[in-house]
Amino acid sequence: MFCSAIRKILKNSQNAAKYSALTLQLRNLRGQRTNQSEVEVFRSADVTTKQNDKETEAATRESSSKEVALDFGKREAHVPSFNLAAYVNNSNTLQQFISLGVDLHSIERRKGLGEFVLRLDFEKNVKPYITFLVDQGISPDEFGRMFTKNPLLFKEDLDDLQTRVEYLKSKRFSDEARQRILTHNPYWLMFSTKRVDRRLGYFQKEFRLSGHDLRLLATREPNVITYNMEHLRKSAFTLKEEMGFNAKELSALLVRKPRLMMTPPDDLIERFSYIHQDMGLSHAQIVQHPELLASREFRLRERHEFLKLLGRAQYDPQKDLYISPKTIVEGNNFYFVRNVAKSDLETFDLFLKTR
């Protein structure tokens with residue numbers, strides 16, 4: 001009995017030892033799992049925090065970039081960045097410019113020109129150019145307009161300017177022609193002789209002009225020679241291909257009204273369409289009266305329709321009551337009504353209100 005009892009005790013103690021060992025192992029495993037889960041929780045929380053921090057940082061950067069992009073500062077865009085009037089009292093050059101009739105406000109509105117003009121010394125940088133222009137026969141009355149339009153003339157070398165004048169002399173431009181060119185287009189002197197020669201060559205070849213006609217064109221409208229070449233080519237294409245003027249008509253049209261080359265091509269087409277189709281004028285008549293293409297379409301329409309209402313829209317010189325087409329665009333409304341339409345201004349005003 002006693003032995004059997006001891007065996008039970010030993011067996012129970014062995015089982016207890018096993019159970020205690022198993023319990024200890026289970027506790028250890030539970031502790032490891034708990035630690036791993038805590039680590040995973042900490043890691044996921046840390047990753048989430050980092051992601052949130054990155055998103056916050058990106059949002060901050062985006063908002064700050066927007067703030068920078070939208071921050072124009074205290075200056076207003078429409079306020080001039082340079083005001084010459086503030087320096088007039090202390091600048092002899094500016095005072096001399098004012099006495100010549102130069103518009104300083106017009107100069108300061110163009111970027112960089114105000115600072116350039118202010119740095120000029122009248123005796124050293126301006127007076128020699130005045131002497132040069134006087135030698136070319138330019139009237140002092142023209143200096144104000146010339147210097148206002150092109151103050152960068154004072155950056156050009158005087159020897160280069162003299163060379164460009166000699167070039168015009170070599171092309172047989174008269175003294176009066178050269179004076180008109182320089183006063184009506186002060187930018188001409190900014191062009192080198194090679195560049196001007198190419199421009200004159202383009203007009204002579206493209207429109208089959210004689211030397212006399214070329215000089216006449218350049219003198220009548222000096223700005224057309226230095227105008228944007230792309231625009232000139234588009235205008236030439238419009239006149240030839242879209243309006244149908246032949247070479248001879250185009251040459252005569254250009255010499256008589258060279259300013260047409262500087263008119264927007266769409267405007268030319270609109271005017272030509274009304275003159276040719278509604279008014280019934282031929283290409284030859286338009287060449288004889290190029291003033292029509294130089295007038296705005298709505299003005300042509302108003303006056304032609306008024307003449308048509310009065311029964312006086314007769315542009316054929318072979319018939320009675322002929323009205324020269326060029327008189328339609330001449331003068332103000334009072335002149336047109338009295339001398340062309342042979343009516344009164346009250347009737348014309350009533351017509352404009354009811355049309």
Ionic contact status for D197 with K194, cut-off 4.0 Å | no
Tell me, do R220 and L216 make a side-chain contact under 4.5 Å, heavy atoms counted?
-> yes
Expected output: side-chain S295 to main-chain L292 donor-acceptor under 3.5 Å = no
What's the spacing between L94 CG and L120 CG if we round to 0.5 Å?
-> 9.0 Å
I138, V134: one ILVMFWY side-chain cluster at the under-4.5 Å cut-off?
-> yes
Using the test side-chain hydrogen bond (donor to acceptor under 3.5 Å, both in side chains), find all partners of R301 that sit at least two apart in sequence or belong to another chain.
-> E297
Step by step, work out the side-chain contact (heavy atoms from CB on, under 4.5 Å) result for F97 and V126.
-> CA-CA 9 Å; F97 275 152; V126 179; 3.9 Å; yes
How about D160 and T163: does a side-chain donor come under 3.5 Å of a side-chain acceptor?
-> no
Thinking salt bridges, do K169 and E166 make one under a 4.0 Å N-O criterion?
-> yes
Euclidean distance, D320 CG relative to Q314 CD, rounded to 0.5 Å | 8.0 Å
Heavy-atom pair of closest approach, residues V255 and P258 | O-CD, 3.6 Å
Rounded to the nearest 0.5 Å, how far apart are CE of M279 and CD1 of I286?
-> 9.0 Å
Distance (rounded to the nearest 0.5 Å) between R296 CZ and Y274 OH = 15.5 Å
Does the side chain of Q96 reach to within under 4.5 Å of the side chain of S91, using non-hydrogen atoms?
-> no
Specify the closest pair of heavy atoms between V165 and L182, including all atoms of both residues, with the distance to one decimal.
-> CG2-CD1, 4.5 Å
Do F237 and M261 belong to the same hydrophobic cluster, where Ile, Leu, Val, Met, Phe, Trp and Tyr are linked whenever their side-chain heavy atoms lie under 4.5 Å apart, directly or via other members?
-> no
Ring pair (Phe, Tyr, Trp, His ring centres under 6.0 Å): which pairs involve residues 113-138, sequence neighbours left out?
-> Y129-F154
Is there a donor-acceptor pair closer than 3.5 Å between any side-chain N or O of R164 and the backbone N or O of L189?
-> yes
Please identify each residue that fulfils side-chain hydrogen bond (donor to acceptor under 3.5 Å, both in side chains) with T148, with sequence neighbours left out.
-> none
Ring pair (Phe, Tyr, Trp, His ring centres under 6.0 Å) involving H283 - partner list, sequence neighbours excluded | F245, F272, H276
Is the closest side-chain donor-acceptor distance between S251 and D213 under 3.5 Å?
-> no
Judged by atom type as modelled, is there a donor-acceptor pair below 3.5 Å linking the side chain of D267 to the main-chain atoms of T263?
-> no
Considering all heavy atoms, the nearest I107-L113 contact = O-CB, 3.6 Å
Do any N or O atoms from the side chain of K127 and from the backbone of K124 form a donor-acceptor pair under 3.5 angstrom?
-> no
Do I323 and T327 have side chains that get closer than 4.5 Å, going by heavy atoms?
-> yes
Considering all heavy atoms of both residues, which atom of V117 and which atom of T93 are nearest to each other, and what is their separation?
-> O-CG2, 4.3 Å
Scan for salt bridge (Lys or Arg N to Asp or Glu O under 4.0 Å) pairs involving residues 244-264, sequence neighbours excluded, and state none if there are none.
-> E221-R259
Taking only residues at least two apart or on different chains, which pairs with a member in residues 320-343 satisfy ring pair (Phe, Tyr, Trp, His ring centres under 6.0 Å)?
-> F336-F348
Please report the C-alpha distance between F351 and S343 in whole Å, then the side-chain angles of each, then the deciding distance to 0.1 Å, and finally whether the side-chain contact (heavy atoms from CB on, under 4.5 Å) criterion is met.
-> CA-CA 12 Å; F351 162 76; S343 182; over 6 Å; no
What residues, two or more places apart in sequence or in another chain, satisfy side-chain hydrogen bond (donor to acceptor under 3.5 Å, both in side chains) together with N150?
-> none
L152 side chain reached by K155 side chain, heavy atoms, under 4.5 Å = yes
Side-chain touch T347/D344, heavy atoms, less than 4.5 angstrom = yes
Tell me, with the steps shown, if S235 and L260 meet side-chain contact (heavy atoms from CB on, under 4.5 Å).
-> CA-CA 8 Å; S235 296; L260 293 176; over 6 Å; no
Donor-acceptor pair, R178 side chain versus F173 backbone, under 3.5 Å?
-> yes
Kindly work out whether a path of hydrophobic side-chain contacts (I/L/V/M/F/W/Y, heavy atoms less than 4.5 Å apart) joins M262 to L214.
-> yes
Within residues 135-154 or reaching into it, pairs that qualify as salt bridge (Lys or Arg N to Asp or Glu O under 4.0 Å) - sequence neighbours excluded = E142-R145
Residue pair R303 / N333, side-chain donor-acceptor N/O under 3.5 Å | yes
Within a strict 4.5 Å, meaning less than it, do heavy atoms of the L158 and P128 side chains meet?
-> yes
Please name the pair of heavy atoms, one in T219 and one in A177, separated by the smallest distance, quoted to 0.1 Å.
-> OG1-CB, 3.5 Å
Taking it one step at a time, do L254 and F203 satisfy side-chain contact (heavy atoms from CB on, under 4.5 Å)?
-> CA-CA 10 Å; L254 185 62; F203 280 96; 4.0 Å; yes
Same cluster or not: are L310 and L350 linked, directly or through other Ile, Leu, Val, Met, Phe, Trp or Tyr residues, by side-chain heavy atoms under 4.5 angstrom apart?
-> no
Which residues satisfy the ring pair (Phe, Tyr, Trp, His ring centres under 6.0 Å) test with F191, sequence neighbours excluded?
-> none
side-chain hydrogen bond (donor to acceptor under 3.5 Å, both in side chains) filter on H304, not counting sequence neighbours, yields Y315
Can you find a pair of side-chain heavy atoms, one from P325 and one from L281, that are under 4.5 Å apart?
-> yes
Working to the nearest 0.5 Å, report the span between CG of L293 and CD1 of I269.
-> 11.5 Å
Report, as yes or no, whether the 6.0 Å neighbourhood of atom CZ on R338 holds more than 12 heavy atoms from other residues, nucleotides or ligands.
-> no
Within a strict 4.5 Å, meaning less than it, do heavy atoms of the K171 and R215 side chains meet?
-> no
Here the gap from Y87 atom OH to L104 atom CG, rounded to the nearest 0.5 Å, amounts to 13.0 Å
Sequence neighbours excluded, every pair satisfying salt bridge (Lys or Arg N to Asp or Glu O under 4.0 Å) that has a member inside residues 270-281 | none
What pair of heavy atoms forms the shortest contact from A218 to I225, and how long is it?
-> CB-CG1, 4.0 Å
How would you list all residue pairs meeting salt bridge (Lys or Arg N to Asp or Glu O under 4.0 Å) that involve residues 228-241, not counting sequence neighbours?
-> E206-K240, E230-K234
On the 0 to 90° scale, with breaks at 30° and 60°, tag the F143-F147 ring pair as parallel, tilted or perpendicular.
-> parallel
